[in-house]
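Just follow the structure's listing: the first ligand is 1, and inside any ligand the first atom is 1.
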Amino acid sequence: MATTGAPRVYKNFIDGEWVDARGGKAYENRNPANTDELLGMFPASTEEDVSAAVDAAKEAYKKWRLVPAPKRAEMLFRAAELLVRRKEQYSKDMTREMGKVLAEARGDVQEAIDMTYYMAGEGRRLFGQTTPSELPNKFAMSLRQPIGVCGMITPWNFPMAIPSWKMMPALICGNTVVLKPGEDTPLSSYHLMETLTEAGVPHGVVNLVSGDGPNAGAALTKHADVPVISFTGSCATGRRIAEACAPEFKHYSLEMGGKNIIIVMDDANLDLAVDGAIWGGFGTTGQRCTAASRVAVHKAVYKEFVERFVERAKALKAGDGLDSGTDMGPCINERQLKKVMEYVEIGKNEGAKLLTGGKRLEGGGYAKGWFHEATIFGECSPQMRIAQEEIFGPVVSVMAIGSLEEALEVANGVVYGLSASIYTRNVNRAFTATRDLYTGIVYINAPTIGAETHLPFGGTKQTGNGHREAAIAAIDFFTEWKTVYVDYSDRLQRAQIDNA
Ligand code: UN1
């Protein structure tokens with residue numbers, strides 16, 4: 001049904017005020033399951049808006065960095081409590097703007113809650129080291145110091161979780177934030193701002209500027225007063241960010257693509273492996289950077305696995321994520337749906353066997369959304385484009401392998417290195433795979449998705465640039481070490497020289 005009446009107009013959040021884009025432009029945020037539903041208008045921000053937000057964050061930093069971390073933590077703790085209370089409303093809004101099924105939207109908000117509580121706890125740690133000096137009457141320690149204004153550019157697939165992964169650690173360390181959320185999902189970031197402010201985070205400490213990459217994101221990246229950029233998104237954008245950060249030697253963390261694999265050995269519990277491949281491949285409509293878009297199955301169980309996997313995929317019901325019977329939501333937008341359809345053609349042309357799916361869902365309840373069938377290609381070779389390139393949709397490429405060695409070679413034979421999984425009941429194989437899979441995350445007898453907030457998240461090779469999100473790794477990224485030597489000997493002591 002078409003939304004009637006004037007659409008709700010959302011604003012940027014700068015220096016504690018809700019403000020329109022200075023250029024006066026706004027863009028529509030529509031439900032990908034039903035494009036007749038307009039969630040609201042959001043500011044199409046430009047350099048001017050970004051500059052205003054950075055100025056506010058720079059000013060606020062002067063005081064925020066001096067607030068004791070346990071006090072900052074109390075605010076985060078209150079924010080987490082508010083998120084718990086609002087979980088249902090925020091989850092429903094997320095399903096409406098992003099399309100993922102409600103249970104998964106709840107998971108996304110839960111991930112934000114987990115991260116916020118976790119980082120609140122860090123407020124009473126933020127540990128450095130103390131260590132003996134090599135000289136007498138001298139004390140040595142290391143402290144973490146905040147860096148300043150952190151620019152954050154986040155994607156649409158985890159509209160609340162990913163901004164929280166970046167914001168909460170940055171804030172607890174004493175930094176201030178300017179967030180540019182995914183263009184398709186600004187509402188969830190709006191909710192985060194609202195929550196943090198109500199929890200007592202002072203004006204200017206968190207700022208939100210919605211808009212697109214070329215206008216808002218690029219302005220944030222290159223702004224001289226933003227020494228830190230944290231980005232999650234495509235490799236193409238990540239490369240541009242790296243180039244923009246290089247001249248000033250900014251700190252930047254990039255979380256990018258994946259072509260994650262599930263390996264199914266001949267000794268695997270096949271029921272479990274099928275469950276994992278369905279959840280890993282089609283959860284979030286395959287729109288996770290951790291999605292299991294490749295499955296390598298030992299030839300001894302290939303036929304049986306594929307039969308069961310295909311049968312289960314056929315039974316998945318696509319639809320509006322708010323309907324309780326829906327297993328899989330739409331693609332995020334038309335561009336993403338077209339990309340999926342193009343890859344289906346590529347797969348067919350390169351000789352993979354289309355086992356199920358392969359088509360856009362149209363008509364009836366699908367007429368107004370960007371729906372695509374759960375799609376499985378069998379008999380893929382590891383070098384096919386559908387087995388090499390990130391599709392970010394409900395398409396899984398299945399390959400046969402003859403040994404663990406071959407599986408590991410296939411697994412590592414892509415440019416990405418985010419997540420990988422092996423199903424086996426053999427402990428030797430499990431540990432060999434753990435050692436030899438060159439990825440940031442490895443799962444044994446579980447799919448490639450489902451990372452927890454207190455463990456490092458990120459990947460090798462073109463998935464990232466060596467940083468990790470979440471866990472203490474995030475604290476490492478959002479602080480710099482300061483090493484302090486206190487000499488209380490009252491005489492000049494020369495390190496490495498007066499060592500006799
Ligand atoms: C992403 O797709 O960018 O591990 C993040 C997972 C989720 C996060 C995914 N906790 O699948």
### Ligand-side contact atoms (ligand 1) for residue partner W165, heavy atom cut-off under 4.0 Å
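In order of numbering, the contacting atoms are 5 (C), 8 (C).
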
### Atoms of ligand 1 close to I162 [distance to a heavy atom under 4.0 angstrom, numbered from 1]
3 (O)

### Query
Knowing that exactly one of T356, V395, L355 qualifies, which makes a side-chain contact (heavy atoms from CB on, under 4.5 Å) with F377?
V395

Considering only the protein, which heavy-atom contact is closest to [atom], and what is its distance?
atom: atom 4 (O) of ligand 1; value: A451 N, 2.7 Å
atom: atom 9 (C) of ligand 1; value: F158 CE1, 3.6 Å
atom: atom 2 (O) of ligand 1; value: C289 N, 2.7 Å
atom: atom 7 (C) of ligand 1; value: R288 NH1, 3.5 Å
atom: atom 6 (C) of ligand 1; value: G450 N, 3.2 Å

### Message
Please determine whether any non-hydrogen atom of F392 lies less than 4.0 Å from an atom of ligand 1.
### Response
no

### Query
Closer than 4.0 angstrom: is that true for some heavy atom of I441 and an atom of ligand 1?
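The answer is no, since I441 has no heavy atom less than 4.0 Å from ligand 1.
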
Please report, to 0.1 Å, the donor-acceptor pairs under 3.5 Å made by any side chain of residues 112-126, with sequence neighbours excluded.
unit_1	atom_1	unit_2	atom_2	d
D114	OD1	Q110	NE2	2.8
T116	OG1	A112	O	2.6
Y117	OH	E81	OE2	2.3
E122	OE2	R125	NE	2.8
E122	OE2	R125	NH2	3.2

### Message
If I compare all heavy atoms of Y302 with all of V297, which pair ends up nearest, and what's the gap?
### Response
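Between these two residues, the closest heavy atoms are CA-CG1, 3.7 Å.
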
### Query
Has R312 got its NZ or CZ under 6.0 Å from the middle of the six-membered ring of W279, at an angle within 45 degrees of the ring axis?
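No.
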
### Task
Taking the six-membered ring of F309 (Phe, Tyr or Trp), confirm whether the NZ or CZ of K314 is under 6.0 Å from its centre and within 45° of its axis.
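Checked: cation-pi criterion not met.
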
### Task
Evaluate the criterion salt bridge (Lys or Arg N to Asp or Glu O under 4.0 Å) for residue pair E37 and R30; output intermediate values, then yes/no.
CA-CA 6 Å; E37 186 187 343; R30 289 183 179 272; over 6 Å; no

Which side-chain N or O atoms in residues 438-446 pair as donor and acceptor under 3.5 Å with protein atoms at least two apart or in another chain?
unit_1	atom_1	unit_2	atom_2	d
T439	OG1	I441	O	3.0
Y443	OH	A451	N	3.0
N445	OD1	T424	N	3.0
N445	ND2	T424	O	3.0

### Message
Using 30° and 60° as the class boundaries, would you call the ring planes of W156 and F392 parallel, tilted or perpendicular?
### Response
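Ring orientation, 0 to 90° scale: perpendicular.
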
#### Entry: N or O pair under 3.5 Å between E111 and ligand 1
yes

## Note on the structure
Honestly, for N157 the part within reach of ligand 1 (heavy atoms, under 4.0 Å) is side chain

